[in-house]
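Here's the structure we're looking at; comments come further down.
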Amino acid sequence: MKHLLSIEQMSREEIDGILRRTAEFKTNRGRISAKPLAGQTWALIFSKPSTRTRVSFEVGIRELGGESIYMNAADAQLGRGELIKDTARVLARMIHGAIIRTYAQRDIEEFAEFSGVPTVNALTDDEHPCQILGDIFTIQEKRESIENKVVTFVGDGVANTARSWLFAAGKLAFELRIASPKRYQPKGKLLRRSSGRVFCTEDLQEAARDADVLYTDIWVSMGREAEEARREAELGPYWITESLVKLAKPDALVMHCLPAHRGQEIDEKTFEAHAQTIFDQAENRLHVQKAILAELVKTE
Ligand code: CP
Ligand code: NVA
């Protein structure tokens with residue numbers, strides 16, 4: 001694996017390999033002396049805010065023996081119009097890998113192509129692959145396997161997280177239900193890009209029935225702030241509440257990629273009742289990303 005740009009481009013074997021390695025990194029944290037990133041410097045180039053992704057990558061790189069530099073894309077010449085392909089070719093002379101959070105998926109693809117250094121998608125408008133890999137790991141950790149489970153995504157069904165779930169469903173044998181208003185459901189071409197068992201519905205209650213996992217994300221993703229009022233009005237009924245959880249399996253997991261907006265996509269009581277799972281999910285970003293980095297620098 002040269003880059004990690006999307007779940008869509010990953011094979012089942014690559015996903016399984018990373019998840020296996022994640023378990024090793026988690027179990028052995030602080031006890032592994034191998035430093036696969038020793039002597040390397042990785043750049044985090046972010047055009048959007050971040051708490052979890054930034055810190056988990058910075059800590060992960062350090063634990064693997066490397067160094068990181070954080071660049072706010074707006075402060076770089078990128079912010080004044082320098083081309084991505086030029087930035088990529090300059091940085092490639094200096095860094096060993098790049099972790100990029102931005103808007104357009106094609107921008108990280110272009111960076112990967114022109115830099116040639118391992119490039120990781122730390123969230124674009126299209127996908128959030130590191131998040132969903134960490135989430136799948138969390139489900140495996142708590143329920144042994146994701147195989148034949150039902151994952152119900154509640155809210156903006158075309159958000160980056162939902163799209164990564166959509167592609168994951170095409171690689172792993174679980175059922176994905178997307179409960180969203182019509183306007184926020186994946187359709188046509190996008191839907192056909194996944195070969196998974198995916199069902200989209202406006203009927204939230206039906207989607208939650210006997211689910212193994214209820215998953216949600218914020219209604220207003222970064223970059224969509226101008227649509228805030230409309231999204232709040234249209235996504236209003238699509239939230240995770242105690243009564244919704246009652247429709248799912250009795251041991252259903254409630255998951256949230258964070259940051260959470262209580263009173264919108266989830267209510268306070270439900271969030272706190274499932275805080276253990278949600279914060280395990282956040283912690284697992286560190287372990288899964290270490291596995292990704294180690295995989296990207298593997299030399300055989
Ligand atoms: N879930 C997630 O990616 O969080 P951050 O935006 O804080 O990185
Ligand atoms: N869909 C959200 C995810 C945040 C981690 C966003 O893009 O803002």
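Each residue takes its place number in the sequence, starting with 1. When a ligand or atom number is given, it counts from 1 through the structure's own listing order.
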Can you find a pair of side-chain heavy atoms, one from Thr124 and one from Leu5, that are under 4.5 Å apart?
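Heavy-atom side-chain distance check fails, nothing below 4.5 Å.
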[atom]: nearest protein contact (heavy atom, Å):
| atom | value |
| --- | --- |
| atom 5 (C) of ligand 2 | Leu258 O, 3.6 Å |
| atom 8 (O) of ligand 2 | Met222 N, 2.8 Å |
| atom 4 (O) of ligand 1 | Arg52 NE, 2.8 Å |
| atom 4 (C) of ligand 2 | Leu123 CD1, 4.0 Å |

Does any N or O of ligand 2 fall below 3.5 Å from an N or O anywhere on Asp217, backbone included?
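Yes, Asp217 has an N/O under 3.5 Å of an N/O on ligand 2.
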Any nitrogen or oxygen of Ser221, main chain or side chain, under 3.5 Å from a nitrogen or oxygen of ligand 2?
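Yes.
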Please indicate whether any nitrogen or oxygen in Leu258 is less than 3.5 Å from any nitrogen or oxygen in ligand 1.
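Yes: some nitrogen or oxygen of Leu258 is under 3.5 Å from one in ligand 1.
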Shortest non-hydrogen separation from Arg209 to Arg177 and the atoms involved
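Heavy atoms of Arg209 and Arg177 come nearest at O-NH1, 2.8 Å.
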Grab the two heavy atoms, one from Pro186 and one from Gly157, that are nearest each other, plus how far apart they are.
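In terms of heavy atoms, the two residues are closest at CD-O, 3.4 Å.
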Any atoms of ligand 1 less than 4.0 Å from a non-hydrogen atom of [X]? List them with their elements.
| X | result |
| --- | --- |
| Thr51 | 5 (P), 7 (O), 8 (O) |
| His128 | 2 (C), 3 (O) |
| Arg101 | 3 (O), 5 (P), 6 (O), 8 (O) |
| Arg285 | 1 (N), 2 (C), 3 (O) |
| Cys257 | 1 (N) |

Can a non-hydrogen atom of Lys48 be found less than 4.0 Å from any atom of ligand 1?
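Flag not set, Lys48 not near ligand 1.
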Using a 4.0 Å heavy-atom threshold (strictly under), name the region of Ile218 that reaches ligand 2: side chain, backbone, both or neither.
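Under 4.0 Å from ligand 2, Ile218 contributes side-chain atoms alone.
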Going by atom types only, do [X] and [Y] share a side-chain donor-acceptor pair under 3.5 Å?
| X | Y | value |
| --- | --- | --- |
| Ser164 | Glu127 | yes |
| Tyr184 | Glu234 | yes |
| Ser68 | Arg62 | no |
| His287 | Glu283 | yes |

So with a 6.0 Å cut-off around NZ of Lys2, is the heavy-atom count from everything else above 12?
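It does: Lys2 NZ has more than 12 such atoms within range.
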Counting from 1, what ligand 2 atoms have a heavy atom of Asn160 closer than 4.0 Å?
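Per the distance check, 1 (N), 2 (C), 3 (C), 6 (C), 7 (O).
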Starting at OG1 of Thr53, measure out to CG of Leu44 and round the result to the nearest 0.5 Å.
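So the OG1 of Thr53 and the CG of Leu44 are separated by 9.5 Å.
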Cation-pi check, Arg54 to Tyr70: give yes when NZ or CZ is under 6.0 Å from the six-membered ring centre and within 45° of the ring axis, no otherwise.
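Yes - Arg54 lies over the ring of Tyr70, closer than 6.0 Å to its centre and within 45° of its axis.
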Mind checking whether Asp125 has a heavy atom under 4.0 Å from ligand 2?
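No, Asp125 has no heavy atoms under 4.0 Å from ligand 2.
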